[in-house]
Amino acid sequence: MKEELIQSYSFVFEEELLEEISKIGIYKEFKADDYLIEIGDYIKSMPLLLNGAIKILREDDKGDELLLYFLEKGDTCAMTLTCCLGKSRSNIRAVAETDGSLIMIPIEKMEDWLTRYKSWRNFVFDSYNIRLKEMLEAIDTLAFMNLDERLYKYLTDKAKVLGKTQINNTHQEIAYEMHTSRVVISRLLKALELNGKIKLHRNNIEILEF
DNA sequence: TCATTAACACGGG
DNA sequence: CCCGTGTTAATGA
C-alpha cells in the first residue's frame, strides 16, 4: 500500500504526511460496478483514489440517473469534503467504473492535517477547484450541448478514464447514464459511425477520433 | 421538430 | 434461444 501511495501522491504530499497516511489510512480494493457511496449515506471518511476510475452520478426524484463526472487516480471526492466538514449526507452516488483501490482517511485526521500540513491544505483546496470546474463543465454540457455532442463527449471521457479506445457498454446502459432512451443512442451512435468517429461492434464501441 | 415508447426483425454467441 | 442492435410508426412535448 505504501508503494502505491507514493506512486500516486509523492508529488503532492511531503514525506512526513505520506508516512502518516500510510499508518492511519485504511486500504480498500474495489471491483468494477461496486457501489462505493449511495445517496443518503453518511460519510465518515474521505477516500484517496490510488488506482482505477469512479463515476459520480446524480439521481432525480424519479430514480433516473445522470452521470456527472469521473474520478481518476490522484483525485478525491469533493462531495465527501463538504459532507465531512458539514456532517451532512451524500447527495451523490459513487460507482466504480473499473477495478481499483483507495485509501480511506478518517475525518478527524483530515481536519487535524488541515492545520498541520500545508500540502494537505493545498490538496483539499485544489480538489475543490477542480471539482467545481468539472461541475460547471457538466452543467454547460447539459445546458448548451446537443445530445449528439453530449454522447460524443461521454464516449471520449469514458475512453480517457479507461485508458483505451474500446468501450464495453450496451446502448441501453449509455442511454441510462445519459438520461435518455436507447433508440436515440442507437441512432446517434450510427450517425457517429457514418462520420467515421467511432466503430460499432456488439457490446463494444471503438473510438477512432478524439 | 425531435425525443420517447412500443413493437418487430435480424443475427451472433 | 436470448439478448443486443437497427428501424419504424405512433404519440407527445
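Values reported hereafter were calculated over all heavy atoms of this structure, with side chains retained and with hydrogens, waters and symmetry mates removed. Each chain gets a letter, A, B and so on, in the order the sequences are listed, and its residues count up from 1.
Every residue was checked against the salt bridge (charged side-chain N to carboxylate O under 4.0 Å, His left out) condition with A/D34, not counting sequence neighbours, and none meets it. Partners of A/K199 under the salt bridge (charged side-chain N to carboxylate O under 4.0 Å, His left out) rule, at least two apart in sequence or in another chain, are A/E193. Residues passing the side-chain contact (heavy atoms from CB on, under 4.5 Å) test with A/V183 are A/S181, sequence neighbours excluded. With sequence neighbours excluded, the residues forming a side-chain contact (heavy atoms from CB on, under 4.5 Å) with A/D140 are A/F144, listed by chain and number.
Rounded to whole Å, atom C1' of B/dC2 lies 12 Å from atom CG of A/D148. One interatomic measurement links the two molecules: CZ of A/R187 to P of B/dA6, which rounds to 17 Å at whole-angstrom precision.
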> Yes or no on side chain to side chain donor-acceptor pair (under 3.5 Å) for A/H179 and A/E65, after CA distance, side-chain angles and deciding distance?
Replying inline: CA-CA 6 Å; A/H179 211 203; A/E65 286 189 340; over 6 Å; no
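Within 4.0 Å of A/S181, counting heavy atoms only, lies at least one base atom of the nucleic acid.
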Give me the distances for all protein-to-nucleotides 7-13 of chain B N/O pairs that come in under 3.5 Å?
from: B/dG11; atom 1: N2; to: A/R202; atom 2: NH1; distance (Å): 3.3
from: B/dG11; atom 1: N2; to: A/R202; atom 2: NH2; distance (Å): 3.4

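A nucleotide of DNA chain C counts as in contact with chain A when one of its atoms lies under 4.0 Å from a heavy atom; the first and last such, 5' to 3', are C/dC3 to C/dT8.
Checked by atom type, the side-chain pair A/E14/A/S119 shows a donor-acceptor distance below 3.5 Å. Side-chain contact annotation: A/Y154 with A/E177, donor-acceptor N/O pair under 3.5 Å present. For A/Y9 and A/Q7, the side-chain atoms include no donor-acceptor pair closer than 3.5 Å.
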